[in-house]
Amino acid sequence: MEVDKKEEIASDSSEQVVNPWEVSAKDGGKIDYDKLIDQFGCQRLDESLIDRVERLTSRQPHVFLRRGVFFAHRDFDLVLDAYERGDKFYLYTGRGPSSEALHLGHLIPFMFTKYLQEAFKVPLVIQLTDDEKCMWKNLSVEESQRLARENAKDIIACGAFYKNMVKVAKCVTLNKAMGIFGFSGEDHIGKLSFPPVQAVPSFPSSFPHLFPGKDKLRCLIPCAIDQDPYFRMTRDVAPRLGYSKPALIESSFFPALQASGENGKMSASDPNSAIYVTDTAKDIKNKINRYAFSGGQDSIEKHREIGANLEVDIPVKYLSFFLEDDAELEHIKKEYGEGRMLTGEVKKRLTEVLTEMVERHRMARAAVTDEKTNDIYQMVDAFMAVRPLPNMFE
């Protein structure tokens, strides 16, 4: 079973902690992604799979694939095998709303999911886990719901449920949940009850109005690697309930502005660590110039002599995520790394790229009215209202 390996390391936080609620490395160091792959038991996303994506979709792979942002997977090869045979799949991703607006790190899975949806021409399910944030953050139920509605606007701008929850919950013992997630006797029962909520969108029968009679339909989940524990549990349970194991394609973390290299991720709780989709052009310029950690040297003379340290330079990291032109990115890295380009020039280019991207998003979000958001919520509420309650003892 896939969860066993995690049970062995759930309490091993001596060097780094990566789970759905905490990401940290020892002494503020870098996250060791190779170690995560070994610990979690997933596979490295290699060039052969990326080449297959290009061949099957007849389009250039997304920049997040080309540059290794999405670097690990579970059964993505099997999803591609099935797709090549003519079998469809569906996508599932989500958002736990903890702030009114998304920051750039939050956009990563949605930008990539939009690409996958368009490239493979498959349906998409998005879950807003306001209940999770209510349980883990100091938020009221009402505030969590309000943030979910606001986040829904940003997500839209990017473009038999309960019965399955009961079934999943019956398959996971308390000891198993403690081993996977590190729960303790001090955690309230709401936390223990949440993992099945995150699990069940992986099963097509949770959406009988979307996938009637397609209980064997495969699910592909694009997510950051800290979400892996939820879906290791799900993959262990799925065959016991007669479903296909969901496949995953997992990304590294988007670093905070002040981070050096890859130690940690952008946080919604620290506004100066993040660039939000609601930031103005002036805000973006100010945050990059004041807070973005630079790998450049402390004098022009020294910088010209030895160049920038690209491993710790945040502007270069951000350009690696969002600058589409591969040739331009390589030119910047070469010139900056050899000292011919200065930090100010790199930050200026990053400011241009992010300002343009955020402005596009702002225009798309402006078209998502409260009325449109309410219509979507009303459709969800109507679906929930007409579902019969399950037999809790079946």
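Just so you know, residue 1 is the first one in the sequence shown, and it goes up from there.
Proximity of S251 to F64: side-chain heavy atoms (C-beta onward) are nowhere separated by under 4.5 Å. At least one side-chain heavy atom of R52 sits under 4.5 Å from a side-chain heavy atom of D81. The shortest side-chain heavy-atom distance between D77 and L49 falls under the 4.5 Å cut-off. The closest side-chain heavy-atom distance from Q227 to I221 is not below 4.5 Å. Within the 4.5 Å cutoff, the side chain of F120 has heavy atoms near those of the L80 side chain. With contacts defined as side-chain heavy-atom distances shorter than 4.5 Å, the pair P123/L210 does not qualify. Proximity of F253 to V18: side-chain heavy atoms (C-beta onward) are separated by under 4.5 Å at one or more points. R74 places a side-chain heavy atom less than 4.5 Å from the side chain of D228.
Residues meeting the side chain to side chain contact (heavy atoms under 4.5 Å, CB included) test with D51, sequence neighbours left out: E47. Every residue meeting the ring pair (Phe, Tyr, Trp, His ring centres under 6.0 Å) condition with F71, not counting sequence neighbours, appears here in chain and number order: Y33. Shown here are the salt bridge (Lys or Arg N to Asp or Glu O under 4.0 Å) partners of K287, two or more places apart in sequence or in another chain: D279. Annotation: salt bridge (Lys or Arg N to Asp or Glu O under 4.0 Å) contacts of K333 (sequence neighbours excluded): E330. Legend: residues meeting salt bridge (Lys or Arg N to Asp or Glu O under 4.0 Å) with K334, ordered by chain and number and at least two apart, are E338. Shown here are the ring pair (Phe, Tyr, Trp, His ring centres under 6.0 Å) partners of Y115, two or more places apart in sequence or in another chain: H62, F112. With sequence neighbours excluded, the residues that form a side chain to side chain contact (heavy atoms under 4.5 Å, CB included) with N309 are E311, V312. Contacts of E335 classified as side chain to side chain donor-acceptor pair (under 3.5 Å), with partners at least two apart in sequence or in another chain: R340. Among residues two or more places apart in sequence or in another chain, the salt bridge (Lys or Arg N to Asp or Glu O under 4.0 Å) test is passed with E186 by none.
To the nearest 0.5 Å, atom CD1 of residue I332 and atom CZ of residue R349 are 6.5 Å apart. Rounding to the nearest 0.5 Å gives a distance of 13.5 Å between CD1 of I108 and SG of C223. Separation of atoms CG (D226) and CG (L36) is listed at 9.5 Å; rounding is to 0.5 Å. Rounding to the nearest 0.5 Å places OH of Y90 at 10.5 Å from CG of L124. Note that OH of Y92 is 11.0 Å distant from CD1 of I126, once rounded to the nearest 0.5 Å. Separation of atoms CD1 (I284) and CG (L354) is listed at 6.0 Å; rounding is to 0.5 Å.
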Verify ring-ring contact (aromatic ring centres under 6.0 Å, His included) between F254 and F322, making sure each step is shown before the conclusion. CA-CA 11 Å; F254 189 67; F322 298 120; 5.5 Å; yes
Report the C-alpha separation of N19 and E22 in whole Å, then their side-chain angles, then the decisive distance to 0.1 Å, and conclude whether the side chain to side chain contact (heavy atoms under 4.5 Å, CB included) test is met. CA-CA 5 Å; N19 61 45; E22 182 182 357; 3.7 Å; yes
One pair to check against side chain to side chain contact (heavy atoms under 4.5 Å, CB included): F70 and E250. What are the steps and the verdict? CA-CA 5 Å; F70 280 80; E250 301 175 314; 5.5 Å; no
Between E324 and V353, is a side chain to side chain contact (heavy atoms under 4.5 Å, CB included) present by the stated rule, with each step listed? CA-CA 9 Å; E324 181 68 30; V353 170; over 6 Å; no
Take I275 and I288 through the side chain to side chain contact (heavy atoms under 4.5 Å, CB included) test and state the conclusion after the steps. CA-CA 9 Å; I275 292 176; I288 291 173; 3.9 Å; yes
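In this structure, a donor-acceptor pair under 3.5 Å is absent between the side chains of N175 and T173. Counting only N and O atoms by type, the side chains of S205 and Y243 include a donor and acceptor under 3.5 Å apart.
In L56, the CG atom is crowded: over 12 heavy atoms of neighbouring residues, nucleotides or ligands sit closer than 6.0 Å.
Each salt bridge (Lys or Arg N to Asp or Glu O under 4.0 Å) pair with one or both residues in residues 203-223, not counting sequence neighbours, would appear here, but there are none. Applying the salt bridge (Lys or Arg N to Asp or Glu O under 4.0 Å) definition to pairs two or more places apart or across chains, those involving residues 118-128 are K114-E118. Among residues at least two apart or in separate chains, side chain to side chain donor-acceptor pair (under 3.5 Å) pairs with a member in residues 292-305 are S294-Y336, S294-T343.
Judged by distance alone, the side chain of S206 and the main-chain N or O of V200 form a donor-acceptor pair under 3.5 Å. A distance-only check finds no donor-acceptor pair linking the side chain of N286 to the backbone of D283 [under 3.5 Å]. No donor-acceptor pair closer than 3.5 Å links the side chain of Y318 to the backbone N or O of L323.
Across all their heavy atoms, D313 and G295 have their closest contact at OD2-N, 2.6 Å. Across every non-hydrogen atom of Q198 and Q127, the tightest pair is CA-NE2, 3.6 Å. Of all the heavy atoms in S193 and P196, the pair that sits closest is O-CD, 3.3 Å. Nearest heavy atoms, V346 versus M341: CG2-SD, 3.6 Å. For the residue pair A177 and V172, the shortest heavy atom distance occurs at N-CG1, 4.0 Å. Here the closest heavy-atom approach between residue P222 and residue T113 is recorded as CG-OG1, 3.4 Å.
Screening I37, D75, I249 against C42 for a side chain to side chain contact (heavy atoms under 4.5 Å, CB included) leaves a single residue, I37.
In the hydrophobic clustering of this structure, M363 does not group with L107; members are Ile, Leu, Val, Met, Phe, Trp, Tyr whose side-chain heavy atoms approach within less than 4.5 Å, directly or through other members. If you chain together hydrophobic residues whose side chains sit under 4.5 Å apart, L329 and L342 never meet in one group. Transitive grouping of hydrophobic side chains (ILVMFWY, heavy atoms separated by less than 4.5 Å) keeps F231 and L78 in distinct clusters.
Ring pair W21/F181 is tilted by interplanar angle, where 30° to 60° counts as tilted.
F183 has its ring centre no less than 6.0 Å from the ring centre of F194.
Ion pair E84/R55 flagged as a salt bridge, since at least one NZ, NE, NH1 or NH2 atom sits closer than 4.0 Å to an Asp/Glu carboxylate oxygen.
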